[in-house]
J.: 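There's a structure below that I have some questions on.
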Amino acid sequence: MDTDLQRREFLKKGFAIGAAFSLVDLGGLFAADQLPSSSKSAKGEKPDLVAVRGSNRIAMLDAALAALGGIEAFVKPGQTVVLKPNAAWDKPAELAANTHPDLVGHMVELCLKAGAKEVNVFDHTCDAWKRSYVNSGIQAAVEKAGGHMAEAHDKSLYIDKEIPNAVRLKHAKIHRLIADSDVYINMPILKHHGGAVMTGCLKNVMGIVWDRGAFHSNDLQQCICDGVLLRKPDLNILDAYSPMLRNGPKGKDKSDLLSTQTLIVSRDPVACDAAGAMILGHKPKDIKHIELADAAGHGHCDLNSLNIKRIKLA
């Protein structure tokens, strides 16, 4: 495909995304009078999902957490916390293959300010783990904030976990930090994925298990759905600031990205992924693992039925 044709196709995709935003008002003005009546926040009621648009990732995260009751609603003094970003790729932050380090570092800082005993961060990477941790910028951000970048490349760090209610993923070896930490915060980046269609909160679970290949060889979409049963996150933070529209999960260059300056936060990983799917120009139920997770009761993908808080920052 020649360069001009590629550009036209990419722009067409961008227009589709703009239309998708308007369906649930995840873009535009975020004006309260434009919200569907079923999504208007009841006075004093915490939202099911928060969608923030702005130019400053740290301010966006602070605003989202404030709407959900603050970091204190999730982290109590003396608790141990594990953050699971996407840190799988030996790519710099500006290429958006991994969760942005500013978000991860700030979340470490917030957890420690809330009194967390310790905050560990890890990913079972696809590229060489030391290079991925360093070149993503995540290790430096975590350590600067006072957290610990934990290893995940050694099989002895994983324990067996049975999943009796799963359809296909009946057991897996999961990282001890997921099993043992008091609080589990899921922090993926939103992007295209060649096999699963998209990467989001549900698919991010593949980085907590030892054998990622078991997902691919045993019905990938169903295993992604089943994976949430390993341990449901206490909070999900979906980095949708510069979603990758093609060539995922690793990406090639900045031409793969579209700046939407959005952050999606919820206790419900299915709801986060439903919003993410629409940002990528899909209907939520067109992503098989989202449809399966909704049907299994792991969360909700009908955004119009949820209490959604929209925030637009400068």
Side-chain angles (χ1 to χ4, degrees), residues 41 44-87 98-123 137-150 177-190 200-201 204 208 228 231-241 261-273 275-276 299 306-314:
S41 297
E45 183 180 334
K46 295 293 187 297
D48 300 309
L49 180 144
V50 182
V52 186
R53 297 194 76 189
S55 59
N56 184 298
R57 291 177 176 87
I58 290 175
M60 292 162 67
L61 180 55
D62 285 341
L65 290 173
L68 292 169
I71 187 64
E72 297 79 11
F74 303 95
V75 178
K76 307 302 181 188
Q79 289 187 318
T80 56
V81 180
V82 60
L83 307 184
K84 170 53 182 73
N86 190 323
N98 304 298
T99 309
H100 199 278
D102 287 355
L103 286 175
V104 184
H106 189 54
M107 197 64 194
V108 171
E109 183 180 354
L110 289 174
C111 291
L112 290 172
K113 284 184 176 179
K117 179 181 178 181
E118 61 183 52
V119 182
N120 292 291
V121 183
F122 82 93
D123 193 5
I138 291 175
Q139 180 169 336
V142 167
E143 292 176 350
K144 182 179 179 180
H148 174 242
M149 202 73 194
L177 286 172
I178 297 295
D180 295 343
S181 297
D182 297 312
V183 182
Y184 165 30
I185 299 175
N186 188 23
M187 298 188 69
I189 193 164
L190 176 65
C201 296
N204 202 41
I208 74 171
V228 75
R231 178 175 176 180
K232 189 172 182 179
D234 297 291
L235 181 65
N236 301 274
I237 300 168
L238 182 59
D239 178 1
Y241 196 93
Q261 296 185 313
T262 301
L263 186 70
I264 307 294
V265 182
S266 177
R267 293 179 182 271
D268 182 343
V270 182
C272 278
D273 280 3
L306 300 180
N307 177 358
I308 300 174
K309 174 75 172 179
R310 278 87 167 178
I311 302 170
K312 187 175 182 182
L313 304 177

J.: Can you tell me how far apart NZ (Lys84) and CG (Asn204) are? Round to the nearest 0.5 Å.
T.: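 It comes to 3.5 Å.
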
J.: Output yes when a side-chain donor or acceptor of Asp239 lies under 3.5 Å from a complementary backbone atom of His100, and no otherwise.
T.: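 Indeed, once roles are kept as given, a pair shorter than 3.5 Å links the two residues.
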
J.: Which residue in the set Val265, Asn186, Asp268 passes side chain to side chain contact (heavy atoms under 4.5 Å, CB included) when paired with Leu235?
T.: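 Among Val265, Asn186, Asp268, the one that satisfies the side chain to side chain contact (heavy atoms under 4.5 Å, CB included) with Leu235 is Val265.
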
J.: Excluding sequence neighbours, so at least two apart, what forms side chain to side chain contact (heavy atoms under 4.5 Å, CB included) with Asn120?
T.: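 Listed in chain order: Glu118, His148, Leu177.
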
J.: Looking only at non-hydrogen atoms, find the nearest pair between Gly276 and Leu190 and report the distance.
T.: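 Reported closest heavy-atom pair: O-CD2, 3.6 Å.
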
J.: Write down the atom of Ala59, the atom of Asn56, and the distance for their closest heavy-atom approach.
T.: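 Smallest heavy-atom distance, with atoms named: N-OD1, 2.9 Å.
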
J.: Is the backbone of Asn307 close enough, under 3.5 Å, to the side chain of Asp48 for a donor and an acceptor to pair up by distance?
T.: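 At least one qualifying donor-acceptor pair exists.
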
J.: Hey, does Leu65 have a side-chain heavy atom less than 4.5 Å from the side chain of Met107?
T.: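 A side-chain contact under 4.5 Å exists here.
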
J.: If you compare all heavy atoms of Ala150 against all heavy atoms of Phe122, which two are closest, and at what distance to 0.1 Å?
T.: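 Taking every non-hydrogen atom into account, O-CB, 3.5 Å.
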
J.: Taking C-beta and beyond as the side chain, do Val270 and Cys201 meet within less than 4.5 Å on heavy atoms?
T.: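 They are not in side-chain contact.
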
J.: Check Leu263 against Leu238 and note the closest heavy-atom contact, atom names and distance.
T.: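 Closest approach of Leu263 to Leu238, heavy atoms only: CD1-O, 3.5 Å.
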
J.: Looking at every heavy atom in both Ala67 and Val50, which two are closest together, and how far apart are they?
T.: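 It is CB-CG2, 3.8 Å.
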
J.: Let me confirm one number: the CZ-NZ distance from Arg267 to Lys232, rounded to the nearest 0.5 Å.
T.: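 Here the rounded value is 10.0 Å.
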
J.: Quick one: side chain to side chain contact (heavy atoms under 4.5 Å, CB included) partners of Glu109, sequence neighbours excluded?
T.: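 Partners of Glu109 by the side chain to side chain contact (heavy atoms under 4.5 Å, CB included) criterion, ordered by chain and then number, come out as His106, Lys113, Ala145.
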
J.: Once rounded to the nearest 0.5 Å, what's the spacing between atom OG1 of Thr262 and atom CD1 of Ile311?
T.: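 Reported to 0.5 Å precision, the distance equals 12.0 Å.
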
J.: Taking the side chain as every heavy atom from C-beta outward, state whether Leu68 and Pro47 have any pair of such atoms under 4.5 Å apart.
T.: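 Touching, per the 4.5 Å side-chain cut-off.
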
J.: Identify the heavy atoms of Leu49 and Cys272 that sit nearest to each other, and give their distance.
T.: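 That would be CD1-N, 3.9 Å.
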
J.: Does Lys117, at its NZ atom, have more than 12 non-hydrogen atoms belonging to other residues, nucleotides or ligands within less than 6.0 Å?
T.: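 No - once you tally the heavy atoms of other residues, nucleotides and ligands closer than 6.0 Å, there are 12 at most.
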
J.: What is the distance from atom CG of Asp273 to atom CD1 of Ile264, rounded to the nearest 0.5 Å?
T.: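 Here the rounded value is 10.5 Å.
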
J.: Within the side chain of Arg231, is there an N or O that forms a donor-acceptor pair under 3.5 Å with the backbone of Ile178?
T.: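 Yes, Arg231 side chain to Ile178 backbone: donor-acceptor pair under 3.5 Å.
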
J.: Tell me if a side-chain donor or acceptor on Thr99 pairs with a main-chain N or O of Met187 at a distance below 3.5 Å.
T.: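 It does hold such a pair.
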
J.: Indicate yes or no: at least one non-hydrogen side-chain atom of Cys111 is less than 4.5 angstrom from one of Ile185.
T.: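 They are in contact (side-chain heavy atoms under 4.5 Å apart), so the answer is yes.
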
J.: Go through Val75 and Leu110 one step at a time and tell me if the side chain to side chain contact (heavy atoms under 4.5 Å, CB included) criterion holds.
T.: CA-CA 9 Å; Val75 178; Leu110 289 174; over 6 Å; no

J.: Taking the side chain as every heavy atom from C-beta outward, state whether Ile208 and Tyr184 have any pair of such atoms under 4.5 Å apart.
T.: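 With C-beta onward as the side chain, the pair touches.
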
J.: Using the side-chain hydrogen bond (donor to acceptor under 3.5 Å, both in side chains) rule, collect all pairs that involve residues 71-82, keeping only residues at least two apart or in two chains.
T.: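 Checked against side-chain hydrogen bond (donor to acceptor under 3.5 Å, both in side chains) - neighbours excluded - the pairs reaching residues 71-82 are Thr80-Asp182.
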
